[in-house]
Amino acid sequence: MLRAKTHLQPLWLLLLLLSLPVAGYADNRRGEQLHAKHCSGCHARMFGNDGNTIYTRPDRRVDSMTGLHKQIRTCVHNLGFTWFDDEIEDVANYLNQHFYQFSQ
């Protein structure tokens with residue numbers, strides 16, 4: 001009877017596990033890219049050249065991570081984007097890290 005070589009199995013399993021997305025992991029780089037591609041232009045049209053003013057203005061609507069997720073989902077829906085939950089999470093975490101600083 002032939003035995004399979006098992007010394008490669010742990011390495012194979014480790015590589016497989018490392019390739020899977022981690023629940024709750026946010027990709028800030030992808031969040032920044034999605035924001036730049038889909039959000040910045042509209043915000044710049046609304047607030048002049050600096051679209052980031054929407055996040056830093058004194059009367060901003062968003063006051064929590066829950067509110068931030070809700071606002072992103074509203075924009076995504078209103079603009080007809082097809083984003084997955086992890087993309088919304090990435091953009092929310094990017095914005096929180098760079099502008100809002102809400103505790104998570």
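When reading the values below, keep in mind they use all heavy atoms of this one structure, side chains included, and skip hydrogens, waters and symmetry mates. Nothing here was measured: the structure is a model prediction, and the numbers come from that model.
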Fill in: Steps toward side chain to side chain contact (heavy atoms under 4.5 Å, CB included) verdict (Tyr94, Leu34)
CA-CA 10 Å; Tyr94 163 75; Leu34 286 166; over 6 Å; no

Worksheet entry | Within-4.5 Å side-chain heavy-atom neighbours: Val91 and His69 | no

Discussion item. Check for me, please, whether Leu68 and Phe84 land in the same ILVMFWY cluster - side-chain distances under 4.5 Å, paths through other members count.
Written reply: no

Discussion item. What's the separation between atom CD in Glu32 and atom CD in Gln97, rounded to the nearest 0.5 Å?
Written reply: 9.0 Å

Item to complete: Could you tell me whether the side chain of Asp50 reaches within less than 4.5 Å of the side chain of Thr56, counting heavy atoms only?
Response: no

Worksheet item: Side chains of Asn93 and Glu89: do they bring a donor and an acceptor to under 3.5 Å?
Response: yes

Fill in: Flag side-chain contact, heavy atom, 4.5 Å: Ile54 against Met46
yes

Response to the item:
Here the pair of heavy atoms bringing Trp83 nearest to His38 is CZ2-CD2, 3.6 Å

Worksheet item: Is Arg61 atom CZ crowded by more than 12 heavy atoms from other residues, nucleotides or ligands, each under 6.0 Å away?
Response: no

Worksheet item: Does Asp90 use its side chain to pair, donor to acceptor, with the backbone of Asn28 at less than 3.5 Å?
Response: no

Discussion item. Measuring only between side-chain heavy atoms, which start at C-beta, is Tyr55 closer than 4.5 Å to His98?
Written reply: no

Worksheet entry | Glu87 side chain reached by Val76 side chain, heavy atoms, under 4.5 Å | no

Response to the item:
Minimal heavy-atom distance between Met65 and Phe102, with the atoms involved, is N-CD1, 3.6 Å

